[in-house]
Every structure is written in C-alpha cells, then in structure tokens.
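A quick write-up on the structure given underneath.
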Amino acid sequence: MEKKRFKVEGWTAMAAGLGISLVSYLLLQLLGALLLERGLLSPTLVLPFLAVSCGLAALLGGLFAARHSAIGTMYCALLTAGGFGGIFLLAGFLAFRGITPQAGVLVLSMVLGGVLAGLLGGKKRKRRRARKRD
C-alpha cells in the first residue's frame, strides 16, 4: 500500500521549501563554525564545506517542495533553489557591497542541488513485469 502524500498549492510548497533551505543552511554554517573552532576543519577546506552545505540545503528544500507541490517536480525544485540562490546573492551583495568569484561556486552548487532534488523528487514508478516468452 502506497503512502499518500499531501499536495499543496505550488507557491506554498516553494515557500516552505525555501524556509527549509535557509534553516538547514544556517544550521550547517553553525556546524562548520564549530568544526573550524575546534580545529577539526582546516581553513583551506572552508570553501568546499560551504559549497557542500549550499548544495545540501538546496537539495533538502527542493526535495520538500517537489514532493509536496501539485506542479511539476523539476520546476518546483529549481524555483526553490533559484530563490535560495537569489536570497544568498542578495545578502552577500548587501553585506559586502559586491559579489566575489567564490559566490559563483556556491550558487552553482545550489543549482546542482536543485537539479538533483528535481530528479529525485519524482513519483516512484511501478516496474512492469516482463512478458514470458514461449
């Protein structure tokens, strides 16, 4: 028996997915700061950690939005990741009065997380039985 998922209006699911992305990104940044403070994360590995955390946050928010939206899964996941990237770039621009080249790497990881969420968020299809040949 398949579990029924609730479906909501497209924008509501995207807003909830965007909130999940932002909260998970902030929690991952707190984890990164703790690891950096304790000496478990090398300062040279901060940018890769940021890229992974951006991609993971976009993946989590996009998966939620894609699975609970009544519109297309890829469309919803990419819009959620795009909104997350837009907020990220806007915050960086307002805080630092410009955007660094490293921000492009982080936004690219967000887009890849959104694409992965769109691919993974689809419906599970039943396998067809192979015909027996005589």
Side-chain angles (χ1 to χ4, degrees):
M1 185 170 174
E2 189 176 328
K3 210 169 38 168
K4 298 217 177 200
R5 299 181 194 157
F6 65 93
K7 297 284 183 181
V8 295
E9 195 174 323
W11 297 108
T12 308
M14 281 187 251
L18 185 59
I20 289 172
S21 291
L22 290 172
V23 168
S24 62
Y25 176 73
L26 290 175
L27 289 175
L28 286 168
Q29 293 314 301
L30 287 174
L31 175 68
L34 180 68
L35 291 175
L36 190 62
E37 177 67 28
R38 302 277 174 161
L40 299 173
L41 182 65
S42 172
T44 59
L45 295 176
V46 170
L47 184 62
F49 180 81
L50 286 174
V52 168
S53 65
C54 286
L56 188 62
L59 175 70
L60 291 175
L63 271 177
F64 179 84
R67 291 192 178 200
H68 292 97
S69 176
I71 61 176
T73 57
M74 184 64 80
Y75 176 72
C76 192
L78 283 178
L79 278 179
T80 303
F84 178 51
I87 290 174
F88 181 81
L89 286 176
L90 181 66
F93 186 74
L94 292 175
F96 303 113
R97 301 199 188 274
I99 298 172
T100 63
Q102 290 86 4
V105 173
L106 301 179
V107 171
L108 180 64
S109 67
M110 288 178 201
V111 170
L112 291 176
V115 168
L116 189 61
L119 292 175
L120 294 176
K123 296 177 185 177
K124 292 183 180 177
R125 296 187 177 135
K126 293 181 182 178
R127 297 178 107 189
R128 287 193 217 174
R129 292 185 186 179
R131 287 185 166 184
K132 290 184 180 179
R133 293 186 180 188
D134 292 330

Open item on the list: Rounded to the nearest 0.5 Å, what separates atom CZ in F64 from atom OG in S24?
Closed with: 12.5 Å
Task: Co-membership, hydrophobic cluster, residues L27 and I87, 4.5 Å side-chain - done: no
TODO: Find the distance between OG1 (T73) and CG (L63) and round it off to the nearest 0.5 Å.
DONE: 10.0 Å
Side-chain donor-acceptor distances from residues 36-47 under 3.5 Å, at least two apart:
| from | atom 1 | to | atom 2 | distance (Å) |
| --- | --- | --- | --- | --- |
| S42 | OG | T44 | N | 3.4 |
| S42 | OG | T44 | OG1 | 3.0 |

- [ ] Name all residues meeting the side chain to side chain contact (heavy atoms under 4.5 Å, CB included) criterion together with V52; count only those two or more places apart in sequence or in a different chain, and write none if there are none.
- [x] none
Extract all donor-acceptor atom pairs below 3.5 Å that involve side chains of residues 96-120 and protein atoms in other chains or at least two apart in sequence.
| from | atom 1 | to | atom 2 | distance (Å) |
| --- | --- | --- | --- | --- |
| T100 | OG1 | Q102 | OE1 | 3.3 |
| S109 | OG | A51 | O | 3.1 |
| S109 | OG | L106 | O | 2.6 |

Task: Qualifying residues under side chain to side chain contact (heavy atoms under 4.5 Å, CB included), relative to L26, sequence neighbours excluded - done: none
Task: Nonpolar side-chain network containing L90, other nodes, edges under 4.5 Å - done: L94
Task: Shortest non-hydrogen contact from A65 toward A13 - done: CB-O, 3.5 Å
Open item on the list: Applying side-chain hydrogen bond (donor to acceptor under 3.5 Å, both in side chains) as the test, list every pair that has at least one member in residues 76-90; sequence neighbours left out.
Closed with: none
Task: Where at least one partner belongs to residues 33-57, residue pairs that pass ring pair (Phe, Tyr, Trp, His ring centres under 6.0 Å), sequence neighbours excluded - done: none
Open item on the list: Among residues at least two apart in sequence or on other chains, which ones pass ring pair (Phe, Tyr, Trp, His ring centres under 6.0 Å) with F88?
Closed with: Y25
- [ ] Output all residues satisfying side-chain hydrogen bond (donor to acceptor under 3.5 Å, both in side chains) with S53, sequence neighbours left out; order by chain, then residue number.
- [x] Q29
Open item on the list: Grouping I, L, V, M, F, W and Y whenever their side-chain heavy atoms are under 4.5 Å apart, do L89 and F93 come out in a common cluster?
Closed with: yes
Open item on the list: Nearest 0.5 Å, please: how far is OG in S21 from CG in L56?
Closed with: 9.5 Å
Task: Nearest heavy atoms of C76 and A66, plus distance in Å - done: SG-N, 4.2 Å
